[in-house]
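Both ligands and their constituent atoms are indexed starting at 1 by order of listing. Side chains are part of it too, since the values below use all heavy atoms of this structure and drop only hydrogens, waters and symmetry mates. Residue numbers run from 1 in the order of the sequence given.
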Amino acid sequence: MRPFLIAANWKMHKSPRDTRDYFTTILPKFEACGVAKDPSFRKIIFFVPALDLQAAADSLKGTHIGWGAQNAHWETKGAFTGENSPAVLAELATPYVLVGHSERRALFGETDEQTGLKVKALHSVGITPLLCVGESLEEREAGRTNEVIVRQLNAGLSQRDATKRVIIAYEPVWAIGTGKVATPEQANDAHAVLRKALAAFGQAVADATPILYGGSVKPDNSAEIAKQPEIDGFLVGGASLETDSFLALCQTPKDRS
Ligand code: 13P
């Protein structure tokens, strides 16, 4: 059984001090409601700005909650001003890194080929990549959703280490930060397409790989989305920034029977 996985993407929000304050507030609440106590059933991960990684690691040490970075380069070191080295992220004991977020693709020119190199580099240092895929509004309206997300999936996984884990997030670009959420059926259909494409890497890969939905997930729509059978969790931007709304999201019911 795949765990239900709720991931926060803070994007470029919060300082190390904010990070410590956030965890000081939310950790006792997680403890009280028990959502973070069994990671084989429900797993929570925070993708924080690189400058907050140490604060997140210090705050979350000894818990079952994961943390990760939002980007990494594919080389270990070199003349790549401003980039994060996968080897250094590994030295900082970072368990997860996002790859191919639509903001990286659209604003920073990240290509399909680069996502493949990044997944390879992260696997080589023992970090689990969370590969994001998703179509733009124009691509959806042109009926190209499935073609685009399968292309992004295949490119991202093309150089992976087959013995290592990946996590996938389907984030339709038109639903990110817009308040426009995909209908639960639209999301489930895209997840089913991705699951089928994952089976080309082996049925065991398709069965074991969590596929998260991202794009305007909020406490008032999460329960409906989570009811869909192919949806294994969420990748949450805006609603993860406040502890109350993220705590509510972490308590979304999921029937795994
Ligand atoms: P929002 O939840 O703010 O739409 O952001 C989604 C996202 O991009 C998560 O990676």
> Are Phe47 and Trp67 close enough that their ring centres sit under 6.0 Å apart?
Replying inline: no
> For the residue pair Phe246 and Phe30, does the interplanar ring angle fall in the parallel (under 30°), tilted (30 to 60°) or perpendicular (over 60°) class?
Replying inline: perpendicular
> Considering only heavy atoms, does Leu235 approach ligand 1 within less than 4.0 Å through its side chain, its backbone, both, or neither?
Replying inline: both
> When you look for heavy atoms under 4.0 Å from ligand 1, do you find them on the side chain of Ala175, its backbone, both, or neither?
Replying inline: backbone
> Is Gly237 in polar range of ligand 1, meaning some N or O pair under 3.5 Å apart?
Replying inline: yes
>> So for ligand 1, is Gly177 a polar contact partner (N or O within less than 3.5 Å, distance only)?
In response: yes
> Taking the inter-plane angle between the rings of His191 and Tyr213 on a 0 to 90° scale, is it parallel (under 30°), tilted (30 to 60°) or perpendicular (over 60°)?
Replying inline: tilted
> With a 3.5 Å cut-off and no angle check, do the side chains of Glu242 and Ser245 form a donor-acceptor pair?
Replying inline: no
> Can you tell which of Glu103, Glu171, Lys218 gets a heavy atom nearest to atom 6 (C) of ligand 1?
Replying inline: Glu171
> Where is the nearest protein heavy atom to atom 3 (O) of ligand 1: which residue, which atom, and how far?
Replying inline: Gly238 N, 2.8 Å
> Quick one: which of Gln70, Lys11, His101 has a heavy atom closest to atom 10 (O) of ligand 1?
Replying inline: His101
> To the nearest 0.5 Å, what is the distance between OG1 (Thr115) and CD (Gln159)?
Replying inline: 9.0 Å
